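Here's the structure we're looking at; comments come further down.
Since the structure is predicted, the reported quantities are computational estimates derived from the model, not experimental observations. Within every chain, numbering begins at 1; the chains are lettered A, B, ... in the order of the sequence lines, protein sequences first and strands thereafter.
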Amino acid sequence: MSVGGAFVRFENVSFSYGDGPLVLRDVTFDLEPGTFHFLTGPSGAGKTSLLRLMYLAERPTGGAIRLFGRDTVSLSRLEAPVVRRRIGVVFQDFRLLPHLSAFDNVALPLRVASVGEPEIRQHVGELLAWVGLADAMDARPRTLSGGEQQRLAIARAVVARPDLLVADEPTGNVDDHNAARMMRLFQNAHHYGATVVVATHNAALVARHGYPQLHLEAGRFSIVPA
Amino acid sequence: MFRRRYDLPLDREGATRLVPWIIALMSYLAALTLLAAVLLGSLAWRWTEGISGAMTVLLAPAADGAPAADEARLKAVRAALAAMPGVAGVEVLDAAEVARRLQPWLGAGVSADDLPLPRLLTVRLAADRRPDIEAMRQRLEQAAPGAVIDDHGIWRAEIARLAARMTTMAGLGVVLIALASAAVVVFAVRAGLAIHRETIEVLHLIGAHDDYIARQFQNHTTRLAFMGGLIALAVLGLTEAFLVQAILGLDPSLLPRLDLVLWQWVALGTAPAVLVFAGMLAIANATARQTVRRALARLV
């Protein structure tokens, strides 16, 4: 991969949970802005850990991570949220807030960024229509199907127009039809300018779309070009 | 301040259901303690004010019991007092007034004929000049040997000391209640943090500042304290009404007079309550904020 962009840069990153064994070893790569990558590898290879480092849920045990030109290891508690707002995350288990409506779930990233309510109403309405949930604005997540919850999670991840969109196994629990629909949503976000990283172990999906891969196997990292 | 839309479902958790009632109890106790301190302080002040502007001269009856001799001694004492610098006036209490003042202790129907009661003179002091008590004592000794001056100094000192001690104890009590209230808030907020840990992580990961999350706890806790405060105010109002009824039923001669106008009575009744109410809101708000911020600082 190119070293020039440094939009997302991992430099000799290693990671372990607490005093446990290393989950990631010596991971180094750059992502340029506006690119689309799959993050592949078998279950337990460290895909989720790598993504958690990328969206600042964890700090690396060793090495350095730079996002948008900033060293993330030295970010203060005041600075970290500002960087996080530039990242949209689709969690593996969605992590929608069950007590909030679909509308309020999608509005959350805008509300934490202190966006005004009229603007929120407009953006969230558009986003819910985009993911096909315009009629489910007031629905609680538990009343939605798995595919609908997944799309709601995608809407929440992209509503603030993130520079970096990461998704952890978004197609893992849905049928092929919904998986294809979701990929179209990610591609749309990519066309709008987001850098996208989608973790998956769905080889057929990867083969169908042909994007470059960040590949993990037993904590070891490699890059598979398109 | 009391926005009800929470990203965290704080208003649905059972852990904080008792908080308004505990805050209500704490507020009630604190307000009652403050009210007692203010009332006692006012009474003590009024008492010492009343007795510091006057002295009492006590003239024991003559040994032979002759009324003429008593009258002559009284006249001499009165003249001696009137001539003293710093004395604004001298009033001789008649036998009926002496009997009235002794009535709570001796019962009705006491007169000088039944008991050898002393003659009492109230000496009103000039506001701008204190008399020389020692010179006055010597002058009275010459005019009527055995006349005793009571300048109420011992009473004044005792009352002031008692009032100071009670005020200190009340202050200490209020501080302890405030600390206990803060502890209740800390436990409630920690429970909330534990219950909503996952949601808090989601909020963090989508870019919420610590302040944004802390504000939700602050608003919720302040609202609980507000509800508790309202309950306390209602119960305190009932208590004050009961106390007023009880005081009105007492013999007025047993209590020092508190000559206050209506607004002063209202202020006396409401100031401690308002102070405690505002204090509890501030304690709840600040404690919740600090507790959340400290807990979040330990997260990534």
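For the pair Arg84(A) and Glu201(B), the salt-bridge criterion is not met [side-chain N within less than 4.0 Å of a carboxylate O]. A salt bridge links Arg77(A) with Asp210(B): at least one charged nitrogen is closer than 4.0 Å to a carboxylate oxygen.
Atom OH of Tyr192(A) is surrounded by 12 or fewer heavy atoms from other residues, nucleotides or ligands within 6.0 Å. Other residues, nucleotides and ligands place no more than 12 heavy atoms under 6.0 Å from the NE2 atom of His201(A). Environment of CD in Gln187(A): crowded, with over 12 heavy atoms of neighbouring residues, nucleotides or ligands closer than 6.0 Å. The number of heavy atoms from other shown groups lying within 6.0 Å of CE (Met166(B)) does not exceed 12. Other residues, nucleotides and ligands place no more than 12 heavy atoms under 6.0 Å from the CZ atom of Phe187(B). Heavy-atom neighbours of Arg190(B) CZ from other residues, nucleotides or ligands within 6.0 Å: at or below the threshold of 12.
Closest non-hydrogen pair, Leu97(A) versus Asp7(B), comes out as CD1-O, 3.7 Å. Considering all non-hydrogen atoms of both residues, Gly207(B) and Pro81(A) come closest at O-CB, 3.4 Å. Closest of all the heavy-atom pairs between Pro9(B) and His99(A) is CD-CE1, 3.3 Å.
When each of Thr199(B), Ile213(B), Ile206(B) is scored by its heavy-atom pairs under 4.5 Å with chain A, the top score falls to Ile206(B).
The contact between Arg156(A) and chain B is made entirely by side chain atoms (from C-beta outward), counting heavy-atom distances below 4.5 Å. Proximity to chain A is limited to the backbone of Leu8(B), based on heavy atoms less than 4.5 angstrom apart.
With rounding to the nearest 0.5 angstrom, the CD1 atom of Ile87(A) is 9.0 Å from the CG atom of Leu205(B).
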